[in-house]
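The structure appears right after this line, and notes come after that.
Every chain is numbered from 1 and lettered A, B, ... according to where its sequence line falls, protein lines coming before strand lines.
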There are 2 protein chains.
Amino acid sequence: MMNYTTLLKEYDLKVTPQRVAIVEELYMNGHMNIDDLYKKLLSKFPSISLATIYKNVNAMIEKVFLNEVKIPNAKSVYELVKEEHSHLVCSSCGKIEDIELDTSSLLKEAISSKNYTIKETSVVFTGICPDCSK
Amino acid sequence: MMNYTTLLKEYDLKVTPQRVAIVEELYMNGHMNIDDLYKKLLSKFPSISLATIYKNVNAMIEKVFLNEVKIPNAKSVYELVKEEHSHLVCSSCGKIEDIELDTSSLLKEAISSKNYTIKETSVVFTGICPDCSK
DNA sequence: CTGACTGCAAACGTTTTGCACGGTA
DNA sequence: TACCGTGCAAAACGTTTGCAGTCAG
């Protein structure tokens with residue numbers, strides 16, 4: 001059981017019903033794009049505005065509470081920030097799954113090849129999920 | 001030495017000076033976003049339109065001749081399709097480098113964890129390049 | 001009570017479309 | 001010559017901004 005109110009406060013975000021709902025949806029669904037969020041919240045707040053969604057998502061990103069995930073050939077999705085992980089996208093149904101992978105050897109390989117100071121690693125696999133390949 | 005005309009024909013794209021210039025720029029620079037391309041081509045074709053850039057980039061993507069690379073916190077860039085590779089992005093100067101990495105073990109790990117049929121692997125590192133870290 | 005958030009409408013930047021003209025094959 | 005590409009202008013989209021009213025702290 002998750003306390004969304006406390007979570008918001010920890011990130012210095014004022015608690016409003018709209019924000020609680022956004023966090024709740026993301027917590028339940030893992031990843032959603034702006035439109036998914038808007039449609040979902042519309043049923044709870046019939047007069048909510050897209051601007052509110054954008055403002056809140058941006059505020060949450062600013063506080064490093066939310067994270068934007070860019071996906072090849074699809075809209076960006078947003079997720080609650082947590083431990084680093086990779087993503088698996090089904091190009092047929094659009095489903096997105098988290099996957100924990102050990103990317104350390106890849107990182108080492110990259111560092112030894114070019115000498116960048118690497119701060120972030122983004123790995124996204126695209127394919128067909130078990131359900132869709134039936 | 002690269003023959004851009006032949007290259008375009010191989011991908012069933014009618015050869016026009018504008019298209020040749022787009023391919024030439026991408027061949028020279030590796031990756032460019034729409035605006036980079038537009039500015040570069042403006043000097044060669046003072047009356048070229050952004051619409052032409054968009055139409056051509058989209059046509060080339062359609063023919064799987066160009067590839068869009070989505071980058072965290074930055075505009076998408078386009079590159080000529082070639083062997084699979086990863087990308088290294090400098091968050092300070094925006095430079096993007098190709099890097100050849102062995103992603104096969106990562107892929108195996110992903111397949112054994114979830115049983116997707118994986119078609120594409122996208123790896124993007126973000127960091128600071130040697131020049132910027134001086 | 002004060003400042004921040006909401007919802008609306010307008011503004012903005014980016015991408016797409018329709019059309020007349022010109023160029024490629 | 002027939003069709004496709006170009007450039008222009010307008011339209012369509014997605015996102016941001018300004019503002020008046022409301023709510024959280």
Which of parallel (below 30°), tilted (30 to 60°) and perpendicular (above 60°) describes A/H31 and A/H87? perpendicular

Going by heavy atoms closer than 4.0 Å, what residues in residues 40-52 of chain A are next to DNA chain C? A/S47, A/I48, A/S49, A/A51, A/T52

If a pair satisfies salt bridge (charged side-chain N to carboxylate O under 4.0 Å, His left out) and one of its residues is in residues 20-44 of chain B, list it, with sequence neighbours excluded. B/E24-B/K44, B/D35-B/K39

Minimum heavy-atom separation for A/C129 and A/C90, please, with both atom names. N-SG, 3.4 Å

Counting N and O atoms only, with roles assigned by atom type, does the side chain of B/S113 sit under 3.5 Å from a partner on the main chain of B/E109, one being a donor and the other an acceptor? no

Residue pair A/K114 / B/I99: nearest heavy atoms and the distance that separates them: CG-CD1, 4.0 Å

For a quick test of reading the model, state the closest non-hydrogen atom pair linking B/L50 to B/Y38 and the distance between them. N-CE1, 3.7 Å

Is A/N58 near enough to D/dT16 that one of its side-chain N or O atoms lies under 4.0 angstrom from OP1 or OP2? yes

OP1 or OP2 of C/dT14 sitting under 4.0 Å from any side-chain N/O of B/N33? no

Donor-acceptor contact below 3.5 Å, side chain B/R19 vs main chain B/L8: no

Name every residue in residues 11-21 of chain A that has at least one heavy atom under 4.0 Å from any atom of DNA chain C, in order of residue number, or write none if there are no such residues. A/K14, A/T16, A/Q18, A/R19

Go through the N and O atoms of the side chain of A/K55 and the base of C/dG7, and report whether any donor-acceptor pair is under 3.5 Å. yes

